[in-house]
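The structure appears below as structure tokens.
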Amino acid sequence: MVATYSELLKQECGARLGTDADEFIRFIVEGAGRMERLLDDLLLYARAGNLEGAARINRIDAGLALDAALLNLHTSIERSGATVTRGELPSVAMHESHLIQVLQNLIGNAMKYKGPEKPIIHVSSRREGDLWRFAVSDNGIGIAPDFHKQIFGVFKRLHGAEYPGTGIGLAICAKTIERYGGRIWVESAPGKGSTFFFEVP
Ligand code: ADP
């Protein structure tokens with residue numbers, strides 16, 4: 001409503017409002033857009049890893065979840081020229097939509113926080129006792145050790161407007177993985193790329 005009526009105001013009354021009004025209305029429209037994205041992401045966060053119907057969790061093929069995540073990301077993959085490769089992926093006891101969301105957020109970030117080279121992203125997994133440990137690695141800008149924990153918090157961001165985002169993507173991943181009794185962490189250094197790990201049953 002805010003965005004739509006601001007646009008209408010500009011079209012219908014722009015001439016009467018004077019030259020500054022164009023800029024002010026642009027700020028309102030952009031602000032409304034950011035508010036909408038923030039609300040969408042907060043809603044995703046509130047619902048993240050919801051285990052309703054958990055009694056019926058079946059094993060799902062992580063390779064198919066990755067296919068779905070890549071399909072959802074295909075526009076950014078094409079735009080960034082990213083190469084995404086994979087090792088062998090297991091079946092895991094998760095809701096498919098949850099694994100898709102986690103992989104999509106991690107791969108999306110790997111492309112967004114790219115370095116000077118085109119993104120090269122590898123998704124792999126290995127057995128750790130009763131758990132599967134997934135790894136999503138990239139050749140991006142990397143993250144200084146001081147921030148390795150705090151980036152998983154809600155609204156925690158290391159960047160301003162040069163990289164768009166709401167600071168909720170990793171918090172959604174952490175909440176989802178923790179609902180399954182797993183954990184998520186990052187190994188990274190500035191300029192050396194990042195590898196995000198998560199473990200699930
Ligand atoms: P957003 O991307 O919306 O800011 P996220 O919760 O997904 O929010 O990420 C939090 C912060 O962690 C980002 O602002 C960024 O600074 C850092 N980050 C996340 N993924 C990567 C990555 N693959 N490489 C470098 N930095 C990253």
Side-chain angles (χ1 to χ4, degrees), residues 30-50 62 65-66 68-70 72-87 89 97-125 133-180 182-200:
E30 285 173 5
R34 278 197 301 277
M35 189 155 67
E36 191 173 10
R37 278 191 297 280
L38 194 61
L39 285 173
D40 284 346
D41 280 358
L42 272 175
L43 213 53
L44 271 180
Y45 178 71
R47 293 181 185 143
N50 190 341
L66 177 59
L70 295 180
N72 293 341
L73 289 167
H74 82 273
T75 314
S76 352
I77 293 175
E78 265 170 32
R79 232 180 252 153
S80 67
T83 308
V84 186
T85 56
R86 65 176 84 187
L89 297 176
S97 62
H98 293 162
L99 185 55
I100 294 172
Q101 179 81 64
V102 170
L103 290 170
Q104 193 173 316
N105 288 4
L106 294 178
I107 295 168
N109 278 348
M111 291 189 282
K112 179 158 64 164
Y113 300 104
K114 69 185 206 63
E117 313 287 326
K118 284 188 176 166
I120 297 177
I121 301 162
H122 186 64
V123 183
S124 60
S125 69
R133 178 179 297 179
F134 286 78
V136 178
S137 67
D138 67 52
N139 59 340
I141 58 174
I143 305 162
D146 281 356
F147 304 113
H148 284 184
K149 288 220 161 63
Q150 73 179 49
I151 52 171
F152 294 97
V154 182
F155 298 138
K156 291 291 189 253
R157 310 197 64 223
L158 308 181
H159 301 94
E162 76 273 24
Y163 294 98
T166 53
I168 297 177
L170 287 178
I172 290 175
C173 293
K175 189 174 166 194
T176 304
I177 296 302
E178 281 158 17
R179 286 270 173 100
Y180 287 93
R183 63 192 183 107
I184 183 167
W185 70 99
V186 67
E187 288 174 11
S188 178
K192 297 249 153 57
S194 308
T195 303
F196 283 83
F197 296 95
F198 63 91
E199 284 179 346
V200 285

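Numbering of ligands and ligand atoms starts at 1, following listing order.
With a 4.0 Å cut-off on non-hydrogen atoms, K156 touches ligand 1 through its backbone and not its side chain. Residue-level proximity to ligand 1 for D138 is carried by the side chain, the only part with a heavy atom below 4.0 angstrom. Heavy atoms of Y163 found under 4.0 angstrom from ligand 1: none, in either backbone or side chain. When non-hydrogen atoms are compared, ligand 1 lies under 4.0 Å from the backbone of L158 as well as from its side chain.
The closest donor-acceptor contact from the side chain of N139 to the backbone of G193 lies at 3.5 Å or more, if one exists at all. Distance alone, capped at 3.5 Å, places no donor-acceptor pair between the T195 side chain and the A135 backbone.
Applying the 4.0 Å criterion to heavy atoms of K112 picks out, from ligand 1, the atoms 1 (P), 2 (O), 3 (O). When each atom of ligand 1 is checked for a heavy atom of G165 under 4.0 Å away, the hits are 3 (O). Close approach of ligand 1 to I168 is summarised as follows: ligand atoms under 4.0 Å from at least one heavy atom of the residue are 6 (O), 8 (O). Close approach to T166 involves these atoms of ligand 1, each under 4.0 Å from a residue heavy atom: 3 (O).
For atom 8 (O) of ligand 1, the closest non-hydrogen atom on the protein side is G167 CA, 3.2 Å. The protein heavy-atom contact nearest to atom 4 (O) of ligand 1 is R157 NE, 2.5 Å. Scanning the protein heavy atoms around atom 16 (O) of ligand 1, the nearest turns out to be H159 ND1, 2.9 Å. For atom 9 (O) of ligand 1, the closest non-hydrogen atom of the protein is L170 CD1, 3.6 Å. Counting protein heavy atoms only, atom 26 (N) of ligand 1 is closest to I143 CG1, 3.3 Å. With respect to atom 7 (O) of ligand 1, the closest heavy atom belonging to the protein is N109 ND2, 2.8 Å. Of the protein's non-hydrogen atoms, I151 CG2, 3.3 Å is the one closest to atom 12 (O) of ligand 1.
Atoms OG1 and NE2, from T83 and H122 in turn, are 12.5 Å apart once rounded to the nearest 0.5 Å. Remark: L103 CG to L73 CG distance equals 9.5 Å, nearest 0.5 Å. With values rounded to the nearest 0.5 angstrom, L43 atom CG is found 9.5 Å from I172 atom CD1. Taking NZ from K192 and CD from E187, the interatomic distance works out to 14.0 Å, rounded to the nearest 0.5 Å. Here the CD1 atom belonging to I121 is positioned 10.0 Å from the CG atom belonging to N109, to the nearest 0.5 angstrom.
Just one of T176, I168, D40, T166 meets the side chain to side chain contact (heavy atoms under 4.5 Å, CB included) condition when paired with Y45; it is I168.
Relative ring orientation between F196 and F152 is described as perpendicular, the plane-to-plane angle rising above 60° on a 0-90° scale split at 30° and 60°.
On a distance-only criterion, Y113 and ligand 1 share at least one N/O pair closer than 3.5 Å.
Ligand 1 has at least one atom lying under 4.0 Å from a heavy atom of F196. N105 does not count as a contact of ligand 1, since none of its heavy atoms falls under 4.0 Å from the ligand. Contact analysis leaves G140 out of contact with ligand 1, as no non-hydrogen atom separation drops below 4.0 angstrom.
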Item checked: Evaluation steps, side chain to side chain contact (heavy atoms under 4.5 Å, CB included), between F198 and L99 -> CA-CA 11 Å; F198 63 91; L99 185 55; 3.9 Å; yes
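Checking N72 against Q104 by side-chain atom types alone, a donor-acceptor pair falls below 3.5 Å.
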